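The structure displayed is predicted, hence computed values, not measured ones. Computed over heavy atoms, backbone and side chain alike; hydrogens, waters and symmetry mates excluded. Letters A, B, ... are given to chains in the order of the sequence lines, protein chains preceding strands, and every chain is numbered from 1.
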2 protein chains.
Amino acid sequence: MAEDDRRTIPEATVARLPIYLRTLADLAASDTATISSERLAELAGVNAAKVRKDLSHLGSYGTRGVGYDVEYLVYQMSRELGLTHDWPVVIAGAGNLGQALANYAGFGNRGFPVVAMVDTDRSKVGSRINGVPVRHLDELEDIVAEHGDIIAVLATPAGAAQDVADRMISAGVTSVLNFAPAVLNVPDHVWLRKVDLAVELQILSFYRQRHADATATATASAGNGEPAATGTG
Amino acid sequence: MAEDDRRTIPEATVARLPIYLRTLADLAASDTATISSERLAELAGVNAAKVRKDLSHLGSYGTRGVGYDVEYLVYQMSRELGLTHDWPVVIAGAGNLGQALANYAGFGNRGFPVVAMVDTDRSKVGSRINGVPVRHLDELEDIVAEHGDIIAVLATPAGAAQDVADRMISAGVTSVLNFAPAVLNVPDHVWLRKVDLAVELQILSFYRQRHADATATATASAGNGEPAATGTG
DNA sequence: CCGGGATCGTTCACGTGTTCACAAAGTCGC
DNA sequence: GCGACTTTGTGAACACGTGAACGATCCCGG
């Protein structure tokens with residue numbers, strides 16, 4: 001493996017690393033010392049060759065004939081994913097979704113403490129949700145200044161998302177996770193990921209609809225209602 | 001375009017159709033009659049050629065020199081996505097996330113009525129959340145029988161997700177949207193998509209971490225902190 | 001010290017998705 | 001009607017991700 005490859009991990013691999021990490025953490029908790037690519041692939045729901053190729057991007061941490069050392073792999077992977085220290089998170093929008101995210105254990109527990117929520121609704125500002133203070137959107141610059149490099153989670157209505165994102169970014173935010181059902185335009189230096197519930201449901205709806213069509217029209221012909229799609233790379 | 005192509009829409013295209021549809025619906029609401037692929041691409045945040053190729057999978061609904069008829073495209077796309085009728089949804093898990101999803105307007109409003117939530121916590125069973133009745137998991141078979149083909153949304157703890165999924169599937173469910181932070185194994189005839197908050201944050205963390213590394217080590221060299229990644233295909 | 005068995009790391013071929021580029025096909029002004 | 005202009009639809013080149021295959025490497029028992 002060339003020295004350069006270690007610094008250019010394919011996007012598809014990056015998206016799978018957290019899954020591997022979670023699986024490996026479970027294994028470590030159950031006192032499993034080593035694991036083969038085949039078993040890890042099974043647990044992570046992917047192909048064994050893919051596991052080996054993915055892990056090879058991190059370096060040669062496996063031992064032929066034995067497998068991978070779970071503890072060491074967890075350590076290296078955590079380091080690579082930047083999980084050795086906390087990343088503060090600010091949630092924009094204290095509505096249903098925002099509150100649920102603030103309460104979500106998986107957030108704060110594992111390295112992503114929610115340091116504040118911001119909203120424009122003055123009746124919410126000043127309260128606390130799961131211990132997280134709700135502050136006014138206008139205080140955003142202060143919050144970023146307090147915590148430095150921060151991750152923005154957008155849980156606002158669609159109409160407000162772009163405006164809030166713009167303010168986040170001009171305040172210095174470079175990582176945005178968008179839950180609002182809207183397409184966001186961000187500058188090149190900002191990393192954006194999006195989670196869209198409606199889109200996911202509609203994708204499911206498409207395949208179901210097509211399956212219904214296929215079985216309806218092809219009652220006697222060779223109906224090929226190909227199923228089994230895994231989602232959200 | 002061969003007759004066959006209309007029935008084999010690439011997965012990547014399917015994932016973008018809902019975005020186009022939402023954009024087009026907004027345009028229709030603002031009395032825009034026709035739109036070019038270039039403008040639609042701009043609004044949807046993608047490449048113009050990609051828009052044309054994606055839309056060509058639905059058929060030749062554009063007019064050269066003019067663009068696409070917005071209304072007609074909305075109609076065809078809704079039909080293709082199976083949005084001409086409702087798809088009932090059952091949410092498993094009445095915790096923070098499940099409740100937020102039940103309250104989420106984008107769900108029930110646009111063709112995905114939440115007909116029930118299921119949980120094993122007897123203190124929750126019998127109550128209503130945003131008008132949605134919370135029933136016991138054991139009633140799952142009844143619920144599926146009542147509403148026929150149903151979409152399952154899993155908002156349970158990770159440990160319970162596989163069990164609940166198994167029960168859903170044996171009750172007849174063929175579409176599953178998984179919010180639980182766990183890898184699910186489902187039979188081939190079931191469509192599965194997943195949304196994982198922790199994974200998304202960790203992906204953001206990776207790119208931020210790498211960026212920090214790059215700028216730290218390459219203060220004087222040609223620091224190439226390549227940003228701008230769009231998420232969740 | 002050596003052979004057998006297991007498993008990694010990598011190469012290669014293939015399929016899928018993206019982007020460019022351009023002919024085909026339409027509109028509009030005159 | 002006709003030419004200029006606009007925009008679609010698609011062919012082709014390219015980039016990327018996947019999965020199978022296999023040599024390389026390591027442990028273990030004797």
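Shown here are the side chain to side chain donor-acceptor pair (under 3.5 Å) partners of B:T13, two or more places apart in sequence or in another chain: B:D54. Evaluation of the side-chain contact (heavy atoms from CB on, under 4.5 Å) rule for B:A158 yields B:P181, B:A182 as partners, not counting sequence neighbours. Every side-chain contact (heavy atoms from CB on, under 4.5 Å) that A:A41 has, sequence neighbours left out, goes to A:V46, A:A48, A:V51. Residues forming a side-chain contact (heavy atoms from CB on, under 4.5 Å) with B:S205 (at least two apart in sequence, or on another chain): A:L83, A:W87, A:F112. Residues passing the side chain to side chain donor-acceptor pair (under 3.5 Å) test with B:Y75: none are found, sequence neighbours excluded. Scored by the side-chain contact (heavy atoms from CB on, under 4.5 Å) test, A:P88 finds A:V115, A:H147, A:I150 as partners (sequence neighbours excluded).
In this structure, B:Y68 reaches the D:dG9 phosphate: one of its side-chain N or O atoms is under 4.0 Å from OP1 or OP2. In this model, the phosphate group of C:dC20 is approached by a side-chain N or O of B:N47 to a distance below 4.0 Å at OP1 or OP2. Between A:R16 and D:dT18 there is a side-chain N or O to OP1 or OP2 distance below 4.0 Å. Applying the 4.0 Å criterion to OP1 and OP2 of C:dG17, one finds that B:K50 has every side-chain N and O outside that range.
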B/S/- contact track for nucleotides 25-30 of chain D, protein heavy atom under 4.0 Å = BBS---
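With C:dG9, D:dG9, C:dT19 as the candidates, the nucleotide lying closest to the side chain of B:A49 is C:dT19.
Axis deviation across the helix from C:dC1-D:dG30 to C:dC30-D:dG1 amounts to 10°, comparing end segments of five pairs, rounded to 10 degrees.
In this structure, the CG atom of B:L55 is 14 Å from the P atom of C:dT18, given to the nearest Å. Rounded to whole angstrom, the span from the CZ atom of A:R52 across to the C1' atom of D:dA20 amounts to 10 Å. The CD atom of A:E11 sits 13 Å away from the C1' atom of D:dA15 (whole-angstrom rounding). Remark: P of D:dG9 and CG of B:L58 are 10 Å apart, rounded to the nearest angstrom. Distance, B:R39 CZ to D:dT8 C1': 18 Å, rounded to whole Å. Taking atom CG on A:D54 and atom C1' on C:dC8, their separation rounds to 14 Å, with Å as the unit. Whole-Å rounding puts the A:I9 CD1 to D:dG17 C1' distance at 15 Å. Atom CG in A:D69 sits roughly 13 Å away from atom P in C:dC8 (whole-Å rounding).
Annotation: of the two residues near DNA chain D, A:T13 and B:G67, the 5′-most nearest-nucleotide partner is B:G67.
At a threshold of 4.0 angstrom between heavy atoms, the contacts of B:A12 are confined to the sugar-phosphate backbone, with no base atom among them.
Applying the side chain to side chain donor-acceptor pair (under 3.5 Å) test to pairs two or more places apart or on separate chains, those with a residue in residues 37-50 of chain A are A:S37-A:R52. The stretch residues 149-158 of chain B participates, sequence neighbours left out, in these salt bridge (Lys or Arg N to Asp or Glu O under 4.0 Å) pairs: A:R208-B:D149. Residue pairs satisfying the side chain to side chain donor-acceptor pair (under 3.5 Å) criterion with at least one member in residues 157-166 of chain B, sequence neighbours excluded, are listed as follows: B:Q162-B:D166.
Contact annotation: the side chain of A:D69 never approaches that of A:Y61 to less than 4.5 Å [non-hydrogen atoms, C-beta and beyond].
Nearest heavy atom pair, residue A:P18 against residue B:V199, reads CB-CG2, 3.9 Å.
Ring-plane geometry between B:Y207 and A:W191 is classed as parallel, the angle between the planes falling under 30 degrees on a 0 to 90 degree scale with a further cut at 60.
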Atom pairs under 3.5 Å: protein N/O with N/O of nucleotides 11-14 of chain D:
residue	atom	partner	partner atom	Å
D:dG11	O6	B:K53	NZ	3.1
D:dA12	N6	B:K53	NZ	3.1

